[in-house]
Amino acid sequence: MKKHLIRPALLGVIVLILGVAALLLAFLVGSSGVSLGALFSLLGGQDDSTASTIFFRLRLPRALMALSVGGALSVSGAALQGMFKNPMADSYVVGVSSGAALGATVAMTLGFSVSFISFGAVTIFAFLGGLAAMFTVYNLARIGGKVSTFSLILSGIAITSLSSALIYCLMILFRDKMESIILWTMGSFSATGWTEVSVGLPIMLTSSALCWLYARDLNIMLQGDEAARHLGVNTARVRRNLLILASVASAAAVSVSGIIGFVGLVIPHVVRILSGPDHRTLIPLSFITGGVFLLLADTLARNLVSSQELPVGVITALVGVPFFLYLLRKGRKTV
Amino acid sequence: MSQIDVQKVSYSYDQKIFAVDDVSLTIQPGEFFGIIGPNGSGKTTLLKCISGYFKPQKGQVLLDGKDVQAFSAKEIAKTMALVQQHAALEFDFTVQDIVLTGRNPHLKRMQTESEEDYAIARQAMQRAEILGLKDRMVTELSGGEWQRMILARALTQQAGIMLLDEPVAGLDIKHQVSFLKTARDLSRAEHFSVVCILHDLNLAHQYCDRIALLNSGRLVSLGTPQEVLTREKLESVYGIGIHLIREKGETFILPEYHSEI
């Protein structure tokens with residue numbers, strides 16, 4: 001009789017404690033340090049103008065954004081993997097990420113200056129590009145009113161390849177924008193301010209929470225479509241709704257942070273290996289685990305090399321891959 | 001307790017050849033009804049028309065007078081439970097987790113299973129004789145145990161009809177017999193109807209109240225096992241010599257191994 005490594009509730013507590021530590025770390029550490037005392041006096045309402053600016057204008061919105069982007073990407077990955085019964089599924093596979101990248105590239109090459117607009121064309125184009133790619137994929141895969149998982153994943157890969165080709169085209173045509181496009185596609189929170197947080201956070205939280213509503217349906221759909229139908233699940237409707245919700249969550253995440261690979265694919269697997277495949281616990285645990293992981297990764301990205309930020313996507317892969325491979329060896333199968 | 005009326009149902013995958021061709025039959029409440037026929041004769045297609053998974057191009061299927069196509073997924077699940085051919089899936093749920101999913105049609109979204117739901121699942125596992133495996137991971141079950149788990153899941157739905165699609169394919173003879181015996185005894189005790197696709201003619205003879213024999217999508221014969229499983233009918237449908245051997249009051253159906261095909 002094999003049980004999972006940790007009970008879901010215990011994993012939740014551990015991740016939440018880690019989360020508090022990660023938040024403190026994110027607030028305190030940086031190119032200009034904020035002391036613990038200064039942080040508490042700030043939270044107590046006393047104003048120290050330098051520390052206050054760093055905390056409220058830079059680190060707090062950035063930390064909130066990292067948390068919710070990590071959460072939204074992970075929930076989106078968990079939902080897509082569950083509904084397609086495919087361990088490789090994430091927002092890349094249904095075309096959302098590359099569609100968003102294409103949208104962002106178009107916005108940049110149309111002549112909007114990236115540094116000039118903190119929230120605007122690039123973010124909006126990326127969000128719409130992600131959703132447009134998903135709708136294209138969905139409609140390509142829909143034959144006679146039915147959407148097969150197989151054709152959906154293949155269409156997603158096709159649209160992803162097409163988007164990448166178009167991005168490369170645009171990069172060659174607009175060589176002066178090449179660096180900003182490349183940096184954007186590697187993902188970063190360096191441009192995060194309250195504008196992004198106030199729009200992005202509610203979208204990511206709501207769509208992730210709505211995915212959770214389908215947790216039991218996802219458990220049942222693992223047993224096959226025809227079986228699921230006889231267990232009271234309208235599989236076509238659930239799949240369509242979840243695809244929209246997961247795409248909105250990941251498109252919002254990508255549009256405010258660029259493409260941060262690895263999180264959406266791997267965090268759900270880590271949670272499954274640790275505490276089991278039940279989506280009722282998998283989805284919320286993926287959200288907090290993904291959020292805390294990305295917050296830690298971003299703090300590292302800010303501080304690992306002095307005087308320069310590394311793309312956070314590089315950190316997620318460098319730190320996350322060895323840990324994931326270790327878990328994969330230790331805890332046999334997933335999905 | 002539901003009556004199934006299949007009325008002049010035809011279904012075609014390609015608009016040319018009908019996989020099910022003008023089939024009409026009525027299945028009474030509480031009946032153990034078998035569907036037999038060669039490969040490709042339309043057994044599974046007919047079952048999918050009955051379950052509403054396929055919409056027939058002609059005719060209709062009525063459950064207690066209501067067109068099955070008008071049922072929502074929840075109504076389907078409250079009326080008809082499905083046990084498919086054994087196909088183990090790789091996911092780390094316990095037997096109880098899977099059996100409890102049979103309560104889904106009775107629950108609202110986000111509503112968690114109550115004590116009563118657990119009790120119903122427990123009772124179903126007891127009846128399907130797998131209560132001892134309740135906390136076992138499904139990845140560790142044998143084929144026979146898996147099918148009993150799916151039977152328990154079906155019982156947990158408390159539906160009036162149970163559809164069995166080759167439920168004993170791939171099981172050894174002991175598990176074939178014990179699964180079908182359990183299913184039939186339960187249908188008698190709890191008064192649900194069973195529609196069961198079988199390949200094994202002896203099992204069909206043994207457990208079914210009535211049998212439909214299909215060939216090329218058409219209903220060739222309908223009646224009791226004695227009426228349907230005759231040498232003439234089986235030889236003409238399967239195209240092979242058939243022996244009917246009677247011994248100790250039982251009938252055994254065997255192919256003529258060296259007949260000209």
Side-chain angles (χ1 to χ4, degrees), chain A residues 1-8 81-82 85-87 144-146 209-239 241-242 268-269 271-284 331-335, chain B residues 13 44 47-48 51-55 71-85 87-95 97-113 133-140 146 149-150 153-154 156-157 159 161-163 165:
Chain A
M1 206 183 301
K2 157 136 168 56
K3 279 282 168 192
H4 299 288
L5 299 175
I6 318 178
R7 295 244 302 272
Q81 287 161 13
K85 287 189 284 180
N86 188 324
K146 291 200 173 177
L210 289 175
C211 284
W212 195 19
L213 289 181
Y214 293 95
R216 194 167 53 219
D217 296 324
L218 282 169
N219 288 345
I220 289 170
M221 279 161 64
L222 286 179
Q223 300 179 49
D225 270 20
E226 210 184 339
R229 178 172 170 275
H230 280 274
L231 293 166
V233 177
N234 185 336
T235 51
R237 188 189 300 164
V238 168
R239 200 165 273 141
N241 292 355
L242 266 177
H269 287 302
V271 176
R272 268 190 212 99
I273 292 169
L274 290 175
S275 70
D278 187 336
H279 288 88
R280 288 175 293 185
T281 53
L282 175 65
I283 287 179
R332 81 195 167 121
K333 43 192 164 302
T334 51
V335 169
Chain B
Y13 292 93
T44 299
L47 196 75
K48 286 184 200 292
S51 78
Y53 192 68
F54 287 166
K55 186 178 192 298
F71 280 57
S72 71
K74 286 231 156 155
E75 288 173 322
I76 293 279
K78 284 180 186 172
T79 318
M80 291 184 284
L82 173 69
V83 177
Q84 289 167 294
Q85 192 174 339
L89 299 167
E90 293 283 319
F91 43 80
D92 287 346
F93 285 101
T94 64
V95 169
D97 290 335
I98 298 297
V99 172
L100 266 177
T101 59
R103 293 307 293 163
N104 184 59
H106 302 276
L107 296 171
K108 294 193 181 69
R109 196 170 288 290
M110 284 325 262
Q111 186 184 352
T112 48
E113 293 88 353
L133 304 176
K134 169 167 96 67
D135 298 315
R136 189 77 69 85
M137 286 291 159
V138 299
T139 43
E140 296 165 6
W146 183 283
M149 169 180 77
I150 301 300
R153 185 188 75 188
T156 305
Q157 286 173 247
I161 299 168
M162 198 178 283
L163 307 177
D165 186 357

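Basis for what follows: all heavy atoms, side chains included, without hydrogens, waters or symmetry-related copies. A note on names: the letters A, B, ... follow the listed sequences, proteins ahead of strands, and every chain is numbered from 1. Here the structure is a predicted model, which means the values were calculated and not measured.
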Problem - Close side-chain approach of B/D165 and A/E226, heavy atoms under 4.5 Å - result: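 B/D165 vs A/E226: side chains apart.
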Problem - Min side-chain heavy-atom separation A/R272-B/D92 under 4.5 Å - result: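 When only atoms from C-beta onward are counted, B/D92 and A/R272 do not touch, as no gap falls below 4.5 Å.
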Problem - Among the listed options B/T112, B/I98, B/T156, the residue most often paired with chain A at heavy-atom distances under 4.5 Å - result: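 Highest number of heavy-atom pairs under 4.5 Å: B/I98.
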Handout entry: Option that, when pairs with chain A are counted at under 4.5 Å, heavy atom only, ranks first among B/V83, B/L107, B/T79
Key =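 Max contact count across the listed options: B/L107.
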Tell me the closest heavy-atom pair linking [X] and [Y], and the distance in Å.
X: A/L231; Y: B/G102; value: CD2-CA, 3.8 Å
X: B/F93; Y: A/D278; value: CE2-CA, 3.7 Å
X: A/G232; Y: B/A77; value: N-CB, 3.1 Å
X: A/H230; Y: B/A81; value: ND1-C, 4.3 Å

Problem - Those residues that, when tested against B/E113, pass side-chain hydrogen bond (donor to acceptor under 3.5 Å, both in side chains) (two or more places apart) - result: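 B/E113: side-chain hydrogen bond (donor to acceptor under 3.5 Å, both in side chains) contacts with A/R280.
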Exercise for the section: Check each atom of B/L163 against the heavy atoms of chain A and say whether the ones under 4.5 Å are side chain, backbone, both or neither. Expected result: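 Side chain only.
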Problem - Contact origin within B/R153 toward chain A - heavy atom pairs under 4.5 Å - result: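 For B/R153, side-chain heavy atoms alone lie under 4.5 Å from chain A.
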Handout entry: Residue list, salt bridge (Lys or Arg N to Asp or Glu O under 4.0 Å) with A/R229, at least two apart or on another chain
Key =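 A/R229 satisfies salt bridge (Lys or Arg N to Asp or Glu O under 4.0 Å) with no other residue.
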Exercise for the section: First locate atom OG1 of B/T101, then atom CE of A/M221, and finally report the distance between them rounded to the nearest 0.5 Å. Expected result: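 B/T101 atom OG1 to A/M221 atom CE measures 13.5 Å (nearest 0.5 Å).
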Handout entry: Gap between atom CG of A/N219 and atom CG of B/D97 - 0.5 Å precision
Key =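 Those atoms lie 8.0 Å apart.
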Problem - A/W212 atom CH2, over 12 foreign heavy atoms within 6.0 Å - result: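 Atom CH2 in A/W212 is not packed in, count stays at 12 or less.
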